[in-house]
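Notes to accompany the following structure.
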Amino acid sequence: MASSSVASCLLPLTTCCSGAVSALAAAAGDDDLLLQHKPRFDDHPSVWGDYFLTFSPCTPSTLQDMKNKARAMNEQVRRMILGCSSAAASGHDLRSKLELVDTLERLGIDYHYTKEIDDVLRMVHEEEEDDANNNCDLHTTALRFYLLRKHGYRVSPDVFLRFRDEEGNFVCEDDDDDDKATRSMLSLYNAAYVRIHGEEILNEAIVFTRSYLRSAMKRGRLLRSPMADEVRYALETPLFRRPRRVEARHYISVYAKLPARNDTILEFARLDFGILQALYCDELKELTMWWREVQLQDHVSFARDRMVEMHFWMVGVVFEPQYSYGRIMLTKLFIFVSIFDDLYDSYSTLEESNLFTIAMERWDEEAAEQLPGYLKLFYKKLINASQCYYNEAEWRAHGAVAATVQDHLKISVPSSCCMHVPVYAFISMGNDVVAAAAGDGHHEDAVDWGMAYPKIIRSSCVVGRVVNDIASHEREKESSSEQVDASTVEACMREHGGITKQEAYGKLRELVEESWMDIAEECLRPAAQPAPLLEAVVNATRTLDFLYKDDHDAYTLPHELKDTIGAIYVDSI
């Protein structure tokens, strides 16, 4: 079954979701408790409205010209990769290979060359590690470690031991050249963030390189603006944790300023970005028309209107063009999940939540019988999610104030969409990926595996739950929200004897770091599932980290996300 055919199976479910909300509101009539004396999100309305109903980043003829040019340049870049992979694999040639792969990935065009890149990295990994690294500088060694670890290869961090002096500081051969030394330390900094548990040398590398890079910025040692931008951006978010399209948009601008850039690669990246930009805008046009036709705005005025932001979220999970229809269906589905979240968390009383949960559980099960087996499971899990929301609401009302952080996560994570986004993304990716697990000798298919809540998804959920709670804590505190006492922040403060909120933030961020290490470890070969599925989980985590970065809730406060969305969907490259 093709990806679009699989994703189309989600259509009855989103339609039923719409019907459930509409029916509940209509049944309440004039006495609808849900619309009386309740808080609203009117102070945070959509910043986009119907903008994408008429906007297009280019004309159809321009788009066709871009596709024709991109098709030819795609093959030129492919020949570069093949030529690079046949070269010797040490010294300067090794660095060239690694930098080419890194460039393609950061520009967001690596999805065109999955097999070719896999072949290059496999060859690099198969070389004798000692021979490959003893003659390489810190930048090359760190880049090799980063790319291999990122792609699931087991590489020892001991390769960095020879770059430490007697005092434990990290050193490089280019200390007399500020730009080159900074580049080496930046590469080490990014490499260290694919660490797993127990790798103390990488923990120490993060501390050392962060201090080094901050000091370099303060002293004005970075003479070239691209390097300064790179360091500043890395200190905000290490490379491994950046959403793919956000990084592509950023790095196209950076790469254009590099003297050593390859103009063919740069032009292809610009064309490909523009082609995907046009596709995303078409998707938003279809979603805007759908949302207007659903006509739920009057019934859910209490909820955040975040259709564009939700699509951005789904792009963060699966950005490739072949998943277009799946992105549309995922966006529709999680718009309703977002409404449920606002309903249970911020709007309804416990009694009202119970009534709504009962209504959801009476959803017509006969419709589900027409679905394939894995979508029947999906249907049941969606209904269970409604029950999880109610369980959390009831817990907040009666027992949350005595909970530890771990107690909180056991209750709050199952109701968060963090758990469901990657699993439903598996469905949207089609049978070519969903069934790959069984084809690769795994004991269960991708959806069953995801629904079993494996460690990598559990860790992703912890990241999402915690960064969300930190970002929303102050706002909920100021609004006297009833749920603030049940947040992981308040739980952490109580658990540790009344520590300050800043101390609690610090402890919770340590939990986030541990969860990222779990995620990196779960991706190492042999992994539980094929790489595309694991990548979807990592992508989902990256997007959550981005949405709630630096204590900002960019989903609830959409103005904080407007410039990013504009750069990806609207602004010409």
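Given the structure is predicted, the values throughout are model-derived calculations rather than measurements.
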- [ ] Would you indicate whether the side-chain heavy atoms of Y505 and V466 approach each other to under 4.5 Å?
- [x] no
TODO: Indicate yes or no: at least one non-hydrogen side-chain atom of V537 is less than 4.5 angstrom from one of Q529.
DONE: no
Task: Short N-O contact, E230 and R106, less than 4.0 angstrom - done: yes
- [ ] Before accepting this row, confirm whether a basic side-chain N of the pair K150/E105 lies closer than 4.0 Å to the acidic partner's carboxylate O.
- [x] yes
Open item on the list: If you count every heavy atom of other residues, nucleotides or ligands that lies below 6.0 Å from H559 atom NE2, does the total exceed 12?
Closed with: no
TODO: Check whether NZ of the Lys or CZ of the Arg R542 lies under 6.0 Å from the centre of the six-membered ring of F240 and within 45 degrees of that ring's axis.
DONE: yes
TODO: Establish, yes or no, whether the cationic atom of R242 lies under 6.0 Å from the six-membered ring centre of F546 and within 45° of the ring axis.
DONE: no
- [ ] Give a yes-or-no answer on whether the side chains of D518 and S515 include a donor-acceptor pair shorter than 3.5 Å.
- [x] no
Task: Heavy-atom closest pair, residues V155 and R149 - done: O-NH2, 2.9 Å
Task: Side chains of Y189 and V231 in contact at under 4.5 Å (non-hydrogen atoms) - done: no
Open item on the list: Taking R183 first and then D179, would you say they form a salt bridge - that is, a charged N and a carboxylate O separated by under 4.0 Å?
Closed with: no
- [ ] Indicate whether any N or O donor in one side chain lies under 3.5 Å from an N or O acceptor in the other, for R465 and T488.
- [x] no
TODO: Any chance you could lay out the ring pair (Phe, Tyr, Trp, His ring centres under 6.0 Å) test for F163 and F170, step after step, and finish with the verdict?
DONE: CA-CA 5 Å; F163 296 102; F170 289 87; 8.5 Å; no
Task: Residues D137, K180: salt bridge by 4.0 Å N-O rule - done: no
Open item on the list: Counting C-beta onward and ignoring hydrogens, is there a side-chain heavy-atom pair between L186 and T209 closer than 4.5 Å?
Closed with: no
TODO: Please determine if E236 and R241 form a salt bridge, counting it only when a charged side-chain N lies under 4.0 Å from a carboxylate O.
DONE: no
Task: Main-chain N/O of V467 paired to R509 side chain as donor or acceptor, under 3.5 Å - done: no
Open item on the list: When you compare the side chain of V405 with that of L508, does any pair of heavy atoms fall below 4.5 Å?
Closed with: yes
- [ ] Verify whether one side chain among H473 and D551 offers a donor that lies under 3.5 Å from an acceptor in the other.
- [x] no
TODO: Take the angle between the ring planes of H250 and Y233 and call it parallel below 30°, perpendicular above 60°, tilted in between.
DONE: tilted
TODO: Fit a plane to each ring of Y555 and W313, take the angle between them on a 0 to 90° scale, and name the class: parallel (under 30°), tilted (30 to 60°) or perpendicular (over 60°).
DONE: perpendicular
Open item on the list: For the backbone of I196 and the side chain of E199, can you confirm whether one donor and one acceptor N or O come within less than 3.5 Å of each other?
Closed with: yes
TODO: Run the salt-bridge test on D102 and R144 with the 4.0 Å N-O cut-off and return the result as yes or no.
DONE: no
Open item on the list: Would R164 pass as a cation-pi partner of F160, given that its NZ or CZ must be under 6.0 Å from the six-membered ring centre and within 45 degrees of the axis?
Closed with: no
Open item on the list: Is it true that E99 and H139 share a donor-acceptor pair across their side chains at a distance under 3.5 Å?
Closed with: yes
Open item on the list: Check for me whether the distance between the ring centres of H311 and Y569 falls short of 6.0 Å.
Closed with: yes
Task: R195 and N203: side chain donor to acceptor below 3.5 Å - done: yes
Open item on the list: Testing the basics here: between V423 and M419, what is the closest heavy-atom pair and its distance to 0.1 Å?
Closed with: CG2-O, 3.7 Å
